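What follows is one structure encoded as structure tokens, with my remarks underneath.
Values below: all heavy atoms of this structure, side chains included; hydrogens, waters and symmetry mates excluded. This structure is a prediction, so every number in the text was calculated from the model and none was measured.
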Amino acid sequence: MDTPTRRRRALVLVGTVVVVVVAVTWALTSAGLLGSAASGAPGGGVPSAAGDAPQPDLDLDPDREPGVEDGVIDRGDGVTIFDTHLPAIANLDPALRAAVERATTDAAARGVEMVVTSGWRSAHYQQHLLDEAVRTRGSLEEARKWVSTPELSRHVTGDAVDIGYTDADSWLAQHGTRYGLCTTYANEMWHFELVTEPGGECPPAKADGSS
């Protein structure tokens with residue numbers, strides 16, 4: 001057989017192989033098998049660059065029990081505004097924290113013990129509290145009177161603090177304007193925010209958190 005004939009047959013054979021490979025690749029891709037192998041996970045797709053990889057987000061797990069890192073405070077611990085090693089205190093707005101520190105010191109000089117029952121909260125913790133309130137109060141409408149949504153909560157932004165004990169709440173309600181601290185919800189005597197200048201006047205309290 002002469003050389004030109006052999007070359008033509010070789011080219012035909014190579015062309016046939018290319019056509020077959022292309023056809024098989026197209027079939028596997030259409031079936032989603034090739035993409036799955038490439039990505040290393042079911043469902044296919046092109047693997048993203050390392051910088052685009054989604055990072056773990058604990059807040060996406062609604063079943064995760066909130067902890068200290070979310071701002072949970074054990075009410076039996078007697079936490080004060082000076083316990084800045086706790087996220088619930090450390091993540092408060094600095095101006096709010098400073099105002100409560102001054103109030104706590106002055107209250108103690110008058111024999112009134114002031115503790116913090118809740119400060120900064122993560123969005124996950126706030127949603128957990130709201131879900132609990134819906135279960136116990138029967139509806140979102142009723143729950144919202146006591147627990148705000150993560151998007152609207154002043155605790156999540158670090159702009160609100162809940163104070164105990166009852167005598168401390170009463171004392172701060174009477175003297176809070178010295179520090180710019182005001183009760184902002186009529187149904188929550190323990191909830192205080194920094195909403196005026198020291199010595200200023202507090203705005204009228206809203207009926208509840210849903211107002």
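- Judged by distance alone, with hydrogens and angles left aside, the side-chain atoms of S153 form no donor-acceptor pair with the main-chain N or O of P150 at under 3.5 Å.
- For the atom pair CZ (R64) and NE2 (H128), the distance works out to 10.0 Å, reported to the nearest 0.5 Å.
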**Asked** So R178 and D106, salt bridge (Lys or Arg N to Asp or Glu O under 4.0 Å) or not? Walk me through it.
**Response** CA-CA 11 Å; R178 298 178 186 175; D106 290 349; 5.6 Å; no
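- Taking the side-chain contact (heavy atoms from CB on, under 4.5 Å) definition, one finds that A95 meets it with D93, L194, sequence neighbours left out.
- Put simply, the side chain of V116 does not reach to within 4.5 Å of the side chain of D83, judged on heavy atoms.
- Rounding to the nearest 0.5 Å gives a distance of 5.0 Å between OH of Y125 and OG of S118.
- Distance check, rounded to the nearest 0.5 Å: CE of M114 to CH2 of W171 gives 5.5 Å.
- Under a 3.5 Å cut-off, the side chain of D70 and the backbone N or O of G67 do form a donor-acceptor pair.
- Residues V112 and V79 share a single hydrophobic cluster, defined by chaining ILVMFWY side chains whose heavy atoms lie under 4.5 Å apart.
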**Request:** Assess whether salt bridge (Lys or Arg N to Asp or Glu O under 4.0 Å) is satisfied between E193 and K206, documenting all intermediate values.
**Result:** CA-CA 13 Å; E193 299 179 22; K206 298 179 180 178; over 6 Å; no
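- Residues C202 and T183 have side chains not in contact (no heavy-atom distance under 4.5 Å, counting atoms from C-beta outward).
- A donor-acceptor contact shorter than 3.5 Å is absent between the side chain of R97 and the backbone of I81.
- Residues R137 and K145 form no side-chain contact, since every pair of their non-hydrogen atoms from C-beta on lies 4.5 Å or further apart.
- Side-chain heavy atoms closer than 4.5 Å link hydrophobic residues (I, L, V, M, F, W, Y) into clusters, and following such links, possibly through other members, connects W120 to V68.
- A distance of 11.5 Å separates CG in D167 from CG in L172, rounded to the nearest 0.5 Å.
- One distance of note links CD1 of I89 with OG1 of T80; it measures 7.0 Å at 0.5 Å rounding.
- The aromatic rings of H191 and H155 lie perpendicular to each other, with more than 60° between the two planes, well past the 30° mark.
- W190 is connected to L130 through a chain of hydrophobic side-chain contacts under 4.5 Å among Ile, Leu, Val, Met, Phe, Trp and Tyr, so both are in one cluster.
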**Request:** Take D208 and W146, measure what side chain to side chain contact (heavy atoms under 4.5 Å, CB included) needs, and give me the verdict at the end.
**Result:** CA-CA 7 Å; D208 54 59; W146 300 95; over 6 Å; no
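- Test D169, V100, L96, T184 against F192 for side chain to side chain contact (heavy atoms under 4.5 Å, CB included) and you get one pass: D169.
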**Item:** Derivation and outcome, side chain to side chain contact (heavy atoms under 4.5 Å, CB included), residues L129 and R121
**Value:** CA-CA 10 Å; L129 292 175; R121 302 170 186 160; 3.7 Å; yes
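- Residues P203 and V195 form a side-chain contact, since some pair of their non-hydrogen atoms from C-beta on lies under 4.5 Å apart.
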**Message:** Is there a side chain to side chain contact (heavy atoms under 4.5 Å, CB included) between H175 and L181? Walk through the geometry before answering.
**Reply:** CA-CA 8 Å; H175 306 289; L181 297 168; over 6 Å; no
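- The side-chain contact (heavy atoms from CB on, under 4.5 Å) test applied to T105 returns F82, not counting sequence neighbours.
- The shortest side-chain heavy-atom distance between P66 and H124 falls under the 4.5 Å cut-off.
- Neither V115 nor M189 shares a network with the other; the hydrophobic side chains, linked directly or stepwise wherever heavy atoms of I, L, V, M, F, W or Y lie under 4.5 Å apart, form separate groups for each.
- Side-chain heavy atoms closer than 4.5 Å link hydrophobic residues (I, L, V, M, F, W, Y) into clusters, and following such links, even through other members, never connects V161 to V72.
- Considering all non-hydrogen atoms of both residues, G71 and A88 come closest at O-CB, 3.4 Å.
- To the nearest 0.5 Å, atoms CG (D162) and CD1 (I73) are separated by 9.0 Å.
- Looking at S170, its side chain does come within 3.5 Å of a backbone N or O of T166 through a donor-acceptor pair.
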